[in-house]
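In what follows, every chain begins at residue 1, and chains take the letters A, B, ... in the order their sequences are listed. Everything numeric in this text was worked out from a predicted model, so none of it was measured. Side chains are part of it too, since the values below use all heavy atoms of this structure and drop only hydrogens, waters and symmetry mates.
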Protein chains: 2
Amino acid sequence: MAATRESRVRHTRDDVLAMALRLLRECGLPELSMRALARELDVQPSALYWHFASKQLLLAGVAEEILSPMNALDENADAAAVATVFRDAMLSVTDGAEVVVSTVALGLGADRAFERLRDALIREHHEFDRATSIATTLLHYCIGHTSHEQQRAQALRLGVELEDSPIMANKDSFLDGLHRILHSPQSSA
Amino acid sequence: MAATRESRVRHTRDDVLAMALRLLRECGLPELSMRALARELDVQPSALYWHFASKQLLLAGVAEEILSPMNALDENADAAAVATVFRDAMLSVTDGAEVVVSTVALGLGADRAFERLRDALIREHHEFDRATSIATTLLHYCIGHTSHEQQRAQALRLGVELEDSPIMANKDSFLDGLHRILHSPQSSA
DNA sequence: ACCTGAACACCGTTCAAGT
DNA sequence: ACCTGAACACCGTTCAAGT
């Protein structure tokens, strides 16, 4: 009866990544299982392991996709703009911050963001060591703030009843902390 | 043949929490499954649902345990000391930061840390709004930095080969960012 | 008040084998 | 180069029933 429909398509690494990102956007990280991803690609789960050695490495690929706006960044953007693009990129995908967090430690996701941040600071006439220090602080701040903000927003969307907390995490509080760090005085040592 | 060994013990909520913390310390978050926890307590997995409505709420309980040093804090501790205790508490347990991160958004874990931080800042003669703003920034920074640091340390311990990244996360870089935020000038708006 | 036993609907990963 | 099929060793959660 011959291959029905589009059944005999073969996929590239990028196809897999694109579908993973789609699943993430539409359903969130808990639904992004290797098995669900395989189902969506009309393939056996084991097929994914030809493209990625593990789920962790697949997620690292997804994190890079999420942070791809960091590549298309204006050369002259200032540090505040870079940080804002970083935050926006993570917020643009369901559980984006969590995916990025799970890969920073591997040195796979956030390095470009860090470099963009540091370069912007150097352009703003900070010396190298100071730019490095501020960029490091900024990066950790952005990740902490944004993951909090996104988790809270999504818990609300899922109807989880939250204790109301005095800790704010929205655009205003983000900018507030951002400027606080940017306007800190020289070195601390 | 009568109940063998100590088989007929019944557990309290605190017993379960204590064992969860032990499992976390010894094995890490991936090994802390409801089923493994039940096995360790010599109980059916379903028994845990008498004590906690879900794994998420169990982890919230674990997060509170992890952050309990925030309760025993010297009344006169300054903000830098409070932040350091916060970091140390998370670092003292395998995957501690990740557990805390997963519960901040629920308003269940980090609130006390925030209040301690804000109170310390008020004691240091900042007005309320400024203390709130700095404490919020600090909290997100501490969480971002510490989760990065811990993830990296543990990946190394597991022998995962890491790309070497320019982003530092150790005690020195923590203190550096900490002081940067603490010494930031007035409000930014 | 605390737990059992059985079931439901899932996971990530490996590996020989196929085309 | 890309995938199948089957298997292994797991998950969280529910629920009627027991003591």
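Checked by atom type and distance alone, the side chain of B:Thr94 pairs as donor or acceptor with a backbone atom of B:Leu24 at under 3.5 Å.
Which of C:dT13, C:dT4, D:dC2 sits closest to the side chain of A:Met34 comes down to C:dT13. The side chain of A:Lys55 lies closest to C:dT13 when the candidates are C:dT13, C:dC2, D:dT13. Taking every side-chain heavy atom of B:Tyr49 into account, D:dG12 is the closest of D:dG12, C:dA6, D:dA7.
A straight line from CZ of A:Phe52 to P of C:dG12 spans 14 Å, rounded to a whole angstrom. The CG atom of B:Asp42 sits 12 Å away from the C1' atom of C:dT4 (whole-angstrom rounding). Spacing between atom CZ of B:Arg35 and atom C1' of C:dA7 amounts to 10 Å, rounded to whole angstrom units. At whole-Å resolution of the value, CG in B:Leu48 and P in D:dC15 are 17 Å apart. With rounding to whole Å, B:Arg39 atom CZ is found 17 Å from C:dT4 atom C1'. Distance, A:Arg10 CZ to D:dT4 P: 8 Å, rounded to whole Å. B:Gln44 places its CD atom 16 Å from the P atom of D:dT13, with the value rounded to the nearest Å.
In this structure, B:His11 has its ring center at least 6.0 angstrom away from the ring center of B:His51.
When Watson-Crick and G-U wobble pairs are counted only if both distances are under 3.5 Å, C:dT14 pairs with D:dA6. Nucleotide C:dA1 forms a pair with D:dT19, judged by Watson-Crick or G-U wobble geometry with both contacts under 3.5 Å.
Judged by distance alone, with hydrogens and angles left aside, B:Ser46 brings a side-chain donor or acceptor within reach of the base of C:dG5, the pair sitting under 3.5 Å.
The shortest distance between side-chain heavy atoms of B:Tyr141 and A:His145 does not fall below 4.5 Å.
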Given the rule in the side chain to side chain contact (heavy atoms under 4.5 Å, CB included) test, do A:Thr132 and A:Thr136 qualify, once you have shown the distances and angles that lead to the verdict? CA-CA 6 Å; A:Thr132 299; A:Thr136 302; 4.3 Å; yes
